[in-house]
Every structure is written in structure tokens, then in C-alpha cells.
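Contents: one structure, followed by commentary.
Every chain is numbered from 1, with letters handed out A, B, ... down the list of sequences.
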Amino acid sequence: MISFTPATPPGSETELLHRAAQLAGKTLAQLAQTIDSDIPSQQRHAKGWIGTAVESYLGASAASKPEPDFPQLGIELKTLPVNRHGRPKESTYVCIVPLTGLTNLTWEHSNVRKKLARVLWVPIEADPGIPLATRRFGNAFLWSPDVAQEMDLRTDWEEIMEMIHMGDLSAINSRFGKVMQIRPKGMNARALTRTETETGESGLTLPRGFYLRASFTHEILERRKA
DNA sequence: TACTGATCATTC
DNA sequence: GAATGATCAGTA
């Protein structure tokens, strides 16, 4: 796998941005060579490879912890697959949806807010016709939600979390939420996790994750250019 | 063709 | 199983 030992984690936003800027225009093959990794032959069986490779290159703490990728800087790293028109091809996973211990859980203390407070977006070409090895990175940039964006995120989060707390999880599908939705997030449709409602009733259900809609990340990209 | 629901790999 | 990194693939 990835045996490249990255330099020390970036000590500042400026340093992180400087490192990320080096990716612009580079191909996945060049990145793979730099970190001494191999391009997966089938992305179907290596869905997270690009994200992990960029983490390694930038010196992110490689761990599956519910924390930002750069804890000292409070910055989350997200690669963003875009098509030839520069439009995000996929939604963006944020974090797992909490289904237990929901009493007194507020937006201010939510993992969604913590993760999205500051994000380093790294666009990368993702047209099916382009082989993984020759796909190029775009210009990385830092983002924090503006007032309107945070309000949209908060509204979606609160609506969804209230329904879950009330025990209406089964009524929520991915059509809920203006800018952020919840969808299954597990190995398959047989994966189960515990739920607990306001009244203490518990049960088992599919694990879910929060995802940013592609329309929302598209807006983020567009606003950067303005 | 966009979107929703399903799925894949890895670490702990 | 739970969290990370995400994309796949059927269908509306």
C-alpha cells in the first residue's frame, strides 16, 4: 500500500496551501510516484484511494477518527471529483449520522459543523473516459461556509436530527435536505446499527451518513471564482 | 443523465 | 461494528 512517509504535518494554513498548490496540474500517476504508491487497476475496488493518497501527500494524520484531517489547524481535507465542465460528479461524504445519545445534541456541537468549519477542497478530474493515471488535479482552495450556507446546513441538520430523535428515521430518505442529505453508509444493505429515540425506544437500522449535495459543492466552486 | 440507494477498502 | 476515504450502478 502507501509506504511513503510524509513530511511533518503542515504547521500553518499557508504551508498547507503551499503544499496543496503543488498538486495543481499534476496527474494521479505523478502523485502515486511521489508517495511511492500504485494506481489501482480498478477504482471500483479502491474507491477511497485518491483521498487517502492526497492525505498522505499533504501530511494529514491518517486515521479513521471523527476529527478534522489536520487537527492542529482545524482543517478538513476533501477531494472533489469534477467532470469536464468543472461540475462535481458526486456528493461529498461529511460524517456518520448519530443515531443514539441525541438528547441535548445541538448544531453548535455537531460533527457536521466541526468538519465543515474549514475545508481544503482539492478538485480532480473525474471523467470516466480519462484513465486514473492521467487524471489531473485542479487548484486547491480553502473554504468556510458563509452566513447563508451555514444557515442552510444548520436547517437541514436540525430538520433531519429532529426527525430521528422523534423516531421518524424510517421516513427520511435522501430527498430530505436542501444542501445536505443522509444516505446509507455501510458495507452493504445488511449492515445494522443501533438507534434510540426521544422516548428511549431502541432498534436496529442501516448506518447513515451526511452528504453534501453536488449542487451545493458546485455553488462552493462557483463562488470561489467570483 | 441525475439521483438515490448500495457498495468497496482499510483501520481500530 | 464504527469510523475514515469515497464511487458504483440501477432506475426514475
Side-chain angles (χ1 to χ4, degrees), chain A residues 1-4 6 28 31-32 35 37-71 75-85 87-101 110-112 114-116 119-132 135 137 156 160 169-196 202-219:
Chain A
M1 305 312 303
I2 297 174
S3 55
F4 162 79
L28 276 181
L31 172 62
I35 64 174
S37 183
D38 292 311
I39 300 280
S41 54
Q42 289 186 271
Q43 194 171 23
R44 177 183 176 187
H45 297 298
K47 295 181 182 180
W49 184 83
I50 299 175
T52 307
V54 175
E55 281 186 347
S56 178
Y57 178 77
L58 295 177
S61 38
S64 53
K65 292 180 293 187
E67 289 178 5
D69 296 297
F70 302 97
I75 294 175
E76 175 72 12
L77 171 67
K78 292 290 180 197
T79 56
L80 189 61
V82 297
N83 65 20
R84 58 184 169 174
H85 304 298
R87 193 175 189 87
K89 188 188 170 198
E90 297 284 351
S91 53
T92 300
Y93 170 68
V94 179
C95 62
I96 211 74
V97 177
L99 300 176
T100 59
S110 68
N111 283 141
V112 172
K114 283 176 198 161
K115 289 245 181 183
L116 299 183
V119 178
L120 177 68
W121 295 101
V122 181
I124 180 159
E125 290 177 330
D127 289 287
I130 309 176
L132 274 185
R135 293 188 188 179
F137 287 99
D156 287 345
I160 289 167
L169 176 59
S170 60
I172 312 176
N173 55 30
S174 54
R175 294 168 181 80
F176 282 76
K178 176 185 172 189
V179 300
M180 186 169 66
Q181 60 185 173
I182 71 171
R183 300 217 305 278
K185 175 61 174 174
M187 274 302 283
N188 51 48
R190 274 85 66 195
L192 292 175
T193 191
R194 225 168 64 76
T195 58
E196 191 173 73
S202 64
L204 292 173
T205 188
L206 277 173
R208 322 291 167 104
F210 283 110
Y211 294 81
L212 300 180
R213 294 183 178 280
S215 54
F216 184 63
T217 49
H218 181 239
E219 175 190 307

Check: protein-nucleotides 6-8 of chain B nitrogen or oxygen pairs below 3.5 Å:
unit_1 : atom_1 : unit_2    : atom_2 : d
dT7(B) : OP2    : Ala189(A) : N      : 2.6
dT7(B) : O2     : Lys47(A)  : NZ     : 2.5
dC8(B) : O3'    : His45(A)  : ND1    : 3.3

Those residues at least two apart in sequence (or on a different chain) that pass side chain to side chain donor-acceptor pair (under 3.5 Å) with Arg87(A) are His218(A)
Between CD1 of Ile182(A) and P of dG5(B) the distance, given in whole Å, is 10 Å
Across all chains, not counting sequence neighbours, the side-chain contact (heavy atoms from CB on, under 4.5 Å) partners of Pro98(A) are Leu102(A), Leu105(A), Met161(A), Phe210(A)
Leu204(A) atom CG is separated from dG1(C) atom C1', nearest whole Å, by 11 Å
Atom CD of Glu90(A) and atom P of dG5(B) are separated, to the nearest Å, by 15 Å
From the list Phe216(A), Phe176(A), Tyr211(A), side chain to side chain contact (heavy atoms under 4.5 Å, CB included) with Gln181(A) holds only for Tyr211(A)
To the nearest angstrom, the CZ-C1' distance between Arg208(A) and dA2(C) comes to 15 Å
Between Ala126(A) and Pro66(A), the residue closer to the 5' end of DNA chain C by nearest nucleotide is Pro66(A)
So, does Arg87(A) get its side chain near the phosphate of dA2(B), meaning an N or O under 4.0 Å from OP1 or OP2? no
Phosphate contact (dT4(C) OP1 or OP2) by Tyr93(A) side-chain N/O below 4.0 Å: yes
Self-check item: Phosphate OP1/OP2 of dA6(C) contacted by Gln43(A) side-chain N/O (<4.0 Å)
Solution: no
By side-chain contact (heavy atoms from CB on, under 4.5 Å), Leu169(A) pairs with (sequence neighbours left out) Leu99(A), Ile164(A), Ile172(A), Ile182(A), Thr195(A), Thr205(A), Arg208(A)
Residue pairs passing the salt bridge (Lys or Arg N to Asp or Glu O under 4.0 Å) test with at least one member in residues 171-182 of chain A, sequence neighbours excluded, are Asp152(A)-Lys178(A)
Those residues at least two apart in sequence (or on a different chain) that pass side chain to side chain donor-acceptor pair (under 3.5 Å) with Arg135(A) are none
note: Asn111(A), atom CG; dG5(C), atom C1'; distance rounded to Å ~ 16 Å
| said: Strictly below 4.0 Å: does Ser91(A) bring a side-chain N or O up to OP1 or OP2 of dC3(B)? | reply: no
Item to complete: Respond yes when some side-chain nitrogen or oxygen of Lys65(A) is under 4.0 Å from OP1 or OP2 of dT11(B), and no when none is.
Response: no
Side chain to side chain donor-acceptor pair (under 3.5 Å) filter on Glu219(A), not counting sequence neighbours, yields Gln149(A), Arg223(A)
In whole angstroms, the gap separating P of dA6(C) from CG of Leu28(A) amounts to 12 Å
Using a 4.0 Å heavy-atom cut-off, does Pro207(A) contact any base of the nucleic acid, only the sugar-phosphate backbone, or nothing at all?
nothing
Q: Tell me whether the OP1 or OP2 atom of dC8(C) has a side-chain N or O from Lys89(A) closer than 4.0 Å.
A: yes
note: Glu55(A), atom CD; dT10(B), atom P; distance rounded to Å ~ 15 Å
Residues passing the ring-ring contact (aromatic ring centres under 6.0 Å, His included) test with Phe70(A), sequence neighbours excluded, are none
| said: So Leu192(A), base contact, sugar-phosphate only, or nothing? Heavy-atom distance under 4.0 Å. | reply: sugar-phosphate
Contact check, residues 170-179 of chain A vs DNA chain B, heavy-atom distance under 4.0 Å, returns Asn173(A), Ser174(A), Arg175(A)
